[in-house]
Each structure stands twice: as C-alpha cells, then as structure tokens.
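Beneath this line is the structure, given in structure tokens, with notes to follow.
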There are 2 protein chains.
Amino acid sequence: MAQAQILSRNQQIVLDIIEKAKGPLKAYSILFNVQKKGINAPQQIYRALDKLIEMGKIHKIESKNAFVACRSSDCEISKATAFSICESCEMVDEISDAKLSKYISSFNHKKGMKFKRFNLEFFGLCKKCK
Amino acid sequence: MAQAQILSRNQQIVLDIIEKAKGPLKAYSILFNVQKKGINAPQQIYRALDKLIEMGKIHKIESKNAFVACRSSDCEISKATAFSICESCEMVDEISDAKLSKYISSFNHKKGMKFKRFNLEFFGLCKKCK
DNA sequence: TAACAGAGTGTTATAATATAACATTTAATA
DNA sequence: TATTAAATGTTATATTATAACACTCTGTTA
C-alpha cells in the first residue's frame, strides 16, 4: 500500500482542478485554469501530472490525452486500470471491479511476457446518451 | 465479416510500410519513409491511417501514438483489441486470445453502459528483455 | 453524354500535445 | 552548515494532429 504523500504546491493545485472536474481534463485546459495562480508554462503542468500519475492520484486516459482523478482504492498505483468512455458525451468513469481486474491481471501471455501493469479502455454510450 | 477492400494508392503505400515494420510506427516516421513516393504532407498520412483503422487493417497503440498492422483475424474491425507492450525494447505484440476477449467483451458495467468496443494494453518486459 | 456525387488527393497553414535544457529555489538531511 | 534531492520558473522547440480549400478521378444517373 502506498503511504500518504505530501504534495508540492503545483502538484496540489493541479490535483485540485482535476478532482473538481466532472470529466477528464486536458493538460492545456488545466494550464489555462491555473494561470491565475501563477503557473504559466506547460512544463509545470506536465511535471505535476507525471508525479501525480506516479503516486496513483490521477490516471491518464490514453485515447483522449486527458487526465482524471483516481476514484478507486484497488488500482494500487495504477497497476490495473479500467475505464468506460462515452463516445457521445465524453464522460469517463473508472471501473473498479475486482473480478475483472483479477482476471486480466492473471492473464498469461503465450509469448512468455511478464506483465507489470495493464490499462483497459471501453468505448460505448453511457446510460444518459443511450 | 468484413469483405476484402480495395485500397487507394496512398492507403496501400502506408499499409505496406506498416506491415513490413518490425514494431509500431509513428505517423511522422511513416511520412519520412514515403517521401520518395511523392507523399509530402502529414494530412496524407493521417487520412490513410484513419481509413486503414476503419477497415481494421491496422491498430493504433494509444499509449505510444503509434500504429501496427493487424495480425489477428478475430478482432473483427477492431472491436476487441489487446496488446502487450515491452517497456524496454518498445516491441508490441497483438494478443489474440478468444477467451480473454470473450470475457472482457461480456463484462457488464454496473452503471449501465453499453460497450461497442474495448482496447487493452499490457505493459511489462518481453521474453528477450526479461 | 453531361452533370453530379463520393472518395481520394495535394497543399498550405496552424492547432494541440509534449519535452529539452538550463538557471534558480526550496526542503530535507548528513 | 554544507550538501543533496526535489521542485520551480522560463524560454525554446519538438512532436502529434487537424482545418480548410482547390483539384482529380471514377462511377452513377438523368
């Protein structure tokens, strides 16, 4: 289990924005939102994002180049992540399903690869958009 | 089942390069490789890539912004894709495992989302790099 | 056959996403 | 207090991707 982490000023600012957001946020939209706090350059955002990902506080949605807060306790530093993504409203929901996660984690590739981590993205229509 | 498709000139050129490659290719590296054939602009590459993806001839590896040829017959127009990605040598291998695919496809999200498609990316070390 | 529709092409420009490099500051610790 | 590690600020640039528009080619269909 990862221990509680102290966040730096910039990391905290970025995390706050992502946690408050209803959906995934893009790096440059975060940047735009924090310019009033004295953060002016993409580097500052990307550095904070990198650390937050390392700590498991946020996840990157690869298919959207966007970032969401981690809402799950059992993805333990993002070794096993799964998301449902609505193709209509862009909503992203973290899937926290122990059985699914366990099944995938225990999947053994024929070619003898040893997995450290996986990321699964589902696409479809959410309940509202359906 | 998707029927055999006739490819346009640019689509064929791009597909040939991707099929011949040992690993995933980036759009701009494809561009560089086809300039001798008279393709000069990113648009031409991206348009071909889009169509090839639609046809299920290639897949995009989202975490790498790179493209690989489809080696599987059962991902039927990319409704269910899975890849193993070596974090050391960058190799990507398409996973074609009916059981895994079936299990994931039949996963039902509590929130009532209806899935059309999924993409799964495993990360680790391949046999060689291990 | 003329005209039209659809897919594809070529081209220029620009938007959006991400990193390199370097100087400085702050925090934690020997 | 000297030393280190982590974080910051800044400028510049690399990488990935799309917009917009004019043109071509091919197969309908009126």
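All values derive from a computational prediction rather than experimental measurement. Residue numbers begin at 1 in each chain, while the letters A, B, ... track the order of the sequences.
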Review item, nucleotides 5-7 of chain D N/O atoms under 3.5 Å of protein N/O:
residue : atom : partner : partner atom : Å
D:dA7   : OP1  : A:Gln11 : NE2          : 3.4
D:dA7   : O3'  : A:Ser8  : OG           : 3.2

Under 4.0 Å: is that the gap between some side-chain N or O of A:Gln44 and OP1 or OP2 of D:dG9?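 Answer is yes, contact under 4.0 Å.
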Rounding to an integer number of Å, can you tell me how far [X] [atom1] sits from [N] [atom2]?
X	N	atom1	atom2	answer
B:Gln12	C:dA7	CD	C1'	17 Å
B:Leu49	C:dT9	CG	P	12 Å
B:Phe32	D:dA14	CZ	P	16 Å
B:Ile45	D:dT16	CD1	C1'	13 Å
B:Ile61	D:dT16	CD1	C1'	16 Å
B:Arg47	D:dT24	CZ	P	15 Å
B:Ile13	C:dG8	CD1	C1'	13 Å

Does any non-hydrogen side-chain atom of A:Lys111 lie less than 4.5 Å from one of B:Met91?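 With C-beta onward as the side chain, the pair stays apart.
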Go through it in stages, so that I can follow the logic: the residues are A:Glu121 and A:Lys64, the test is salt bridge (charged side-chain N to carboxylate O under 4.0 Å, His left out), and I'd like the CA-CA distance, side-chain angles, deciding distance and then a yes or no. CA-CA 11 Å; A:Glu121 299 182 4; A:Lys64 299 174 78 71; over 6 Å; no
Any chance you could measure B:Ile39, atom CD1, to B:Arg47, atom CZ, to the nearest 0.5 Å?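 It is 10.5 Å, given to the nearest 0.5 Å.
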To the nearest 0.5 Å, how far apart are CG in B:Leu49 and CG in B:Leu15?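 It comes to 10.0 Å.
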Is the distance from the ring center of A:Phe118 to that of A:Phe107 below 6.0 Å?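 Ring centroids of A:Phe118 and A:Phe107 are no less than 6.0 Å from each other.
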For nucleotides 12-19 of chain C, give me every protein contact, N/O to N/O, under 3.5 Å, one pair per line with atom names.
residue : atom : partner : partner atom : Å
C:dT17  : OP1  : A:Lys26 : NZ           : 2.7
C:dA18  : OP1  : A:Lys60 : NZ           : 2.8
C:dA18  : OP1  : A:Asn65 : OD1          : 3.4
C:dA18  : OP2  : A:Tyr46 : OH           : 3.0
C:dA18  : N7   : A:Tyr28 : OH           : 2.8
C:dA18  : N6   : A:Tyr28 : OH           : 3.1

May I ask you to decide if [Y]'s main-chain N or O and [X]'s side chain share a donor-acceptor pair within less than 3.5 Å?
X	Y	result
B:Ser29	B:Leu25	no
B:Asn40	B:Gly38	yes
B:Lys130	A:Gly112	yes

State, without any angle test, whether B:Asp93 and A:His109 hold a side-chain donor-acceptor pair at a distance under 3.5 Å.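 There is such a pair (donor and acceptor under 3.5 Å, judged by atom type) between the side chains of B:Asp93 and A:His109.
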